[in-house]
Protein chains: 2
Amino acid sequence: MVRSYEQYCAAAKALDVVGDRWTLLIVRELMIRQPLRYTDLQFGLPGIATNLLADRLRKLEEHHVIAREAAPPPVATTVFRLTPRGEALRPVLGALGEWGAPLLRECSDDAAFRSHWLALPLRRLRDRSPADPPVTIEVHTADQPMLVRTVDGGVSVEPGTVPRPDATISGSPPVVVELFLGAIDLDAARARGLVFEGEPSALARVVAGHDRVADPVN
Amino acid sequence: MVRSYEQYCAAAKALDVVGDRWTLLIVRELMIRQPLRYTDLQFGLPGIATNLLADRLRKLEEHHVIAREAAPPPVATTVFRLTPRGEALRPVLGALGEWGAPLLRECSDDAAFRSHWLALPLRRLRDRSPADPPVTIEVHTADQPMLVRTVDGGVSVEPGTVPRPDATISGSPPVVVELFLGAIDLDAARARGLVFEGEPSALARVVAGHDRVADPVN
DNA sequence: CAGCATCCGCTTTGATACTG
DNA sequence: CAGTATCAAAGCGGATGCTG
């Protein structure tokens, strides 16, 4: 069932476990938000076949990368969570995302996107004036609105809305991501269909400067 | 021909390029020793089918991860080399190797091994007394003898022999690797069939201490 | 509905043989 | 040496069906 490389090599052994198609993307989903139900995973992995998801989850559980839990009474279903061993894959996905970031430019326009994926590239944003009162930016770009708020020197990215955000951004995923990462400025983003309302200073406070590498990063 | 995830996500885009079976192991080979001929790659990738190797090399070239060169007159053949873009994958293989290292313990005894793979886990060894004259350890464990020498605060790992090495080690790959990485001591290694000749101090100088994590690391 | 399992057509893989 | 050609077997993707 499993096709091993049969090599005494750490990288090959790692790929024996997480090298199968979809496997690392399942781990990605659990890295963004834990724990998740089967159908939540399915939604976060557009294109996966249901039998493959079931199969991969079984294998990941066998290898102690994820764990299956009985969810608390309110929902009463099983949920999936990363084990410490699974959490240890974060540097792998980090390195992969770093390397893959430049490829996002050549992404087809109808590529799938999920709002919660914003958490990966935006996690590296820093709050430029942590002493000031926190700001909240509401982002509309795909299946659900997300809140980007300054917290603890960085930003948090979570689903939700607030009554009076400091700024509200609506646009396609590429434009939103490139804007936040400083690859384009607000005018350029507007030229590509982005709608911005509120305080530009709220955005400037967290946007990655043009001084750093301006590639969208996962 | 290529099956893309079609997701606007840096990690997914990276896997579109290097996620296919064997692809990252090809990159591993070129990371250890550049440049390589087709047959050298084949030897370093035990188990790969020749059509797959040809196919992967073509795709990697299309994605500018590797480049094909006409070799200089003496050999007069084409060789493969990593581009800067390919070199940028080093953190990915590093993270994968780090994560996969603990899995080496459960590696089947007849797993394939190539001597030059020693370069990956041993690269992290440090020279504990860089001021002293360099030492050379000759290692016999698979297809060809390797030389581990102290150099510039660390060690170099290259194929070859010398007339009078400070130490000579012969043993199976797991025992050799675990010994170098400090997971086992010399007595334990000898109990598992390792033959050591020469100055134990030469080994002690580069062996990772028990203080650090004693997992074989790629 | 959540959580799969089964079936089916297609693609990819792996092993071997063959060629310029 | 550096691949291409061929082919059986396994894996993948999509649809549908079953069970609590």
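Excluded from the calculations below are hydrogen atoms, water molecules and symmetry mates; all remaining heavy atoms, backbone and side chain alike, are included. Lettering of chains follows the sequences in order, A, B, ..., and the numbering in each one begins at 1.
Remark: A:Arg37 is not positioned above the aromatic ring of A:Phe80, lacking an NZ or CZ atom under 6.0 angstrom from the ring centre and at most 45 degrees off the axis. Taking the ring centre of B:Trp99 as origin, the terminal cationic atom of A:Arg90 falls outside the region bounded by 6.0 Å and 45° from the ring axis. Stacking of B:Arg21 on the aromatic ring of A:Tyr5 is recorded, both the 6.0 Å distance cut-off and the 45° axial limit being met.
In this model, the phosphate group of D:dA2 is approached by a side-chain N or O of B:Thr39 to a distance below 4.0 Å at OP1 or OP2. For B:Arg58 and D:dT4, the shortest distance from a side-chain N or O to OP1 or OP2 is below 4.0 Å. Side-chain N/O atoms of A:Thr78 include one lying less than 4.0 angstrom from OP1 or OP2 on C:dG3. A:Arg56 has no side-chain polar atom (N or O) that falls below the 4.0 Å cut-off from OP1 or OP2 of D:dG13. Taking side-chain N and O atoms only, B:Arg21 has a distance below 4.0 Å to OP1 or OP2 of C:dG14. Within the structure, a side-chain polar atom (N or O) of B:Arg68 is placed less than 4.0 Å from OP1 or OP2 of D:dG3. A:Trp22 has a side-chain polar atom (N or O) that falls below the 4.0 Å cut-off from OP1 or OP2 of D:dG13.
Distance, B:Arg37 CZ to D:dA2 C1': 11 Å, rounded to whole Å. A straight line from NZ of B:Lys59 to P of C:dT11 spans 13 Å, rounded to a whole angstrom. As rounded to whole Å, 16 Å separates atom P of D:dG11 from atom CG of B:Asp20. One atom, CD1 of A:Ile48, and another, P of D:dG14, lie 11 Å apart when rounded to the nearest Å. Distance A:Gln42 CD to C:dC4 P: 11 Å, rounded to the nearest Å. For B:Leu52 and D:dG11, the CG to C1' distance is 13 Å, given to the nearest whole Å. Protein atom CG of A:Asp55 is 14 Å distant from nucleotide atom C1' of C:dG3, rounded to whole Å. One can place CG of B:Leu53 at 13 Å from C1' of D:dC1, the figure rounded to the nearest angstrom.
Look at A:Arg56 and A:Glu61 and you find no salt bridge, because none of the NZ, NE, NH1 or NH2 atoms lies under 4.0 Å from a carboxylate O.
Side-chain atoms of A:Thr141 come within 3.5 Å of backbone atoms of A:Gly171 as a donor-acceptor pair (strictly under, hydrogens ignored).
Ranking D:dG13, C:dG14, D:dT4 by closeness to the B:Ala49 side chain, first place goes to C:dG14.
At a cut-off of 3.5 angstrom, counting only N and O atoms as typed in the model, there is a donor on one side and an acceptor on the other between the side-chain of B:Asn51 and the base of C:dG14.
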